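Comments concern the structure below.
Source: prediction; values computed, not measured.
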Amino acid sequence: GLTEVSDSKDADGTTRYTLCVDPTSHEFTDLEGVLVFQPDGELAPAAKKKADLAHKLLARSALTKAMIKGIEDAGLLVPRSIKLNLGLETRQIQGFRVVDEKKLNTMSDEEFVSLRNKGLLPLVYAQLMSMSNFRQGILAGQVKAPSTTNAPKQKKSDIDLDTYWIDDGDLDLPYDA
């Protein structure tokens, strides 16, 4: 599948976009389906829509990076890792940062208003909500992964998620697929 999208500038200032793909991916084994290129070499309409979306995402990434820098400069980002216990196997996801909710809650009014005035609070709260959903979602075992049947989703009520948070803020989750 798709492995990377990047942009660069030519010497004349023209922006070039590079889309890297893995040709060994299962997505390339089926030669039937939607065309990527038209016979004249131009992108097919469906591929053009996807290219336009990638272009918009890249254009907006500068804004996202600036917002993250503002949150980082406020001292709100802390490193975290997640350990998933997958039965006989344990996997660890690391190298990401999250908003330190304790730090956010102890900010002075002046610091908090500064975040608001810079338009950073929506991203801060979106990340906090995302982590809350993550803790209570499929990876936390609270909701079973969707099945192929039309059976109603089951919710476990016997898990205390607070027992999985390690003192340094990292998360250690048992996972029953």
Handout entry: All side-chain hydrogen bond (donor to acceptor under 3.5 Å, both in side chains) counterparts of Glu101, not counting sequence neighbours
Key =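 Glu101 satisfies side-chain hydrogen bond (donor to acceptor under 3.5 Å, both in side chains) with no other residue.
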
Taking every non-hydrogen atom, the tightest pair across [X] and [Y]:
{"X": "Ser81", "Y": "Gln92", "result": "OG-NE2, 3.2 Å"}
{"X": "Met107", "Y": "Ala74", "result": "CE-CB, 4.3 Å"}
{"X": "Ser61", "Y": "Leu58", "result": "OG-O, 2.7 Å"}

To the nearest 0.5 Å, what is the distance between [atom1] on [X] and [atom2] on [Y]?
{"X": "Phe112", "Y": "Asn105", "atom1": "CZ", "atom2": "CG", "answer": "8.5 Å"}
{"X": "Lys69", "Y": "Lys118", "atom1": "NZ", "atom2": "NZ", "answer": "10.0 Å"}
{"X": "Glu72", "Y": "Leu120", "atom1": "CD", "atom2": "CG", "answer": "12.0 Å"}

Practice task
Determine whether more than 12 heavy atoms belonging to other residues, nucleotides or ligands lie under 6.0 Å from atom CD of Glu89.
Solution key: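 Yes, enclosed.
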
Problem - CG (Asp109) with more than 12 external heavy atoms under 6.0 Å - result: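 Result for CG/Asp109: open.
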
Any link between [X] and [Y] through a network of hydrophobic side chains (Ile, Leu, Val, Met, Phe, Trp, Tyr) touching at under 4.5 Å?
{"X": "Met131", "Y": "Val99", "result": "no"}
{"X": "Leu121", "Y": "Ile71", "result": "yes"}
{"X": "Tyr125", "Y": "Leu63", "result": "yes"}
{"X": "Val98", "Y": "Leu115", "result": "no"}
{"X": "Leu104", "Y": "Val113", "result": "no"}

Practice task
Go through Arg91 and Ile82 one step at a time and tell me if the side-chain contact (heavy atoms from CB on, under 4.5 Å) criterion holds.
Solution key: CA-CA 8 Å; Arg91 297 232 177 126; Ile82 298 170; over 6 Å; no

Problem - pair Gln38-Pro45: side-chain heavy atoms closer than 4.5 Å - result: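 Heavy-atom side-chain distance check passes, below 4.5 Å.
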
Handout entry: Side chains of Arg80 and Gln94 in contact at under 4.5 Å (non-hydrogen atoms)
Key =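 No, their side chains stay 4.5 Å or more apart.
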
Exercise for the section: Determine whether the side chains of Glu111 and Ser108 contain a donor N or O and an acceptor N or O closer than 3.5 Å. Expected result: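 The answer is yes; a qualifying pair exists.
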
Practice task
Please step through side-chain contact (heavy atoms from CB on, under 4.5 Å) for the pair Leu123 and Ile68, ending with a clear verdict.
Solution key: CA-CA 8 Å; Leu123 184 56; Ile68 291 170; 4.1 Å; yes

Practice task
For Thr106 and Lys102, indicate whether the former's side chain and the latter's backbone hold a donor-acceptor pair under 3.5 Å.
Solution key: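 Checking the backbone N and O of Lys102 against the side chain of Thr106, a donor-acceptor pair under 3.5 Å is found.
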
Practice task
Return the set of residues passing salt bridge (Lys or Arg N to Asp or Glu O under 4.0 Å) with Lys48 (not counting sequence neighbours), or none when no residue passes.
Solution key: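 Here the qualifying residues are Asp52.
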
Handout entry: side chain to side chain contact (heavy atoms under 4.5 Å, CB included) partner of Leu76, the single match among Lys103, Arg97, Gln127
Key =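 Single side chain to side chain contact (heavy atoms under 4.5 Å, CB included) partner of Leu76 among Lys103, Arg97, Gln127: Lys103.
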
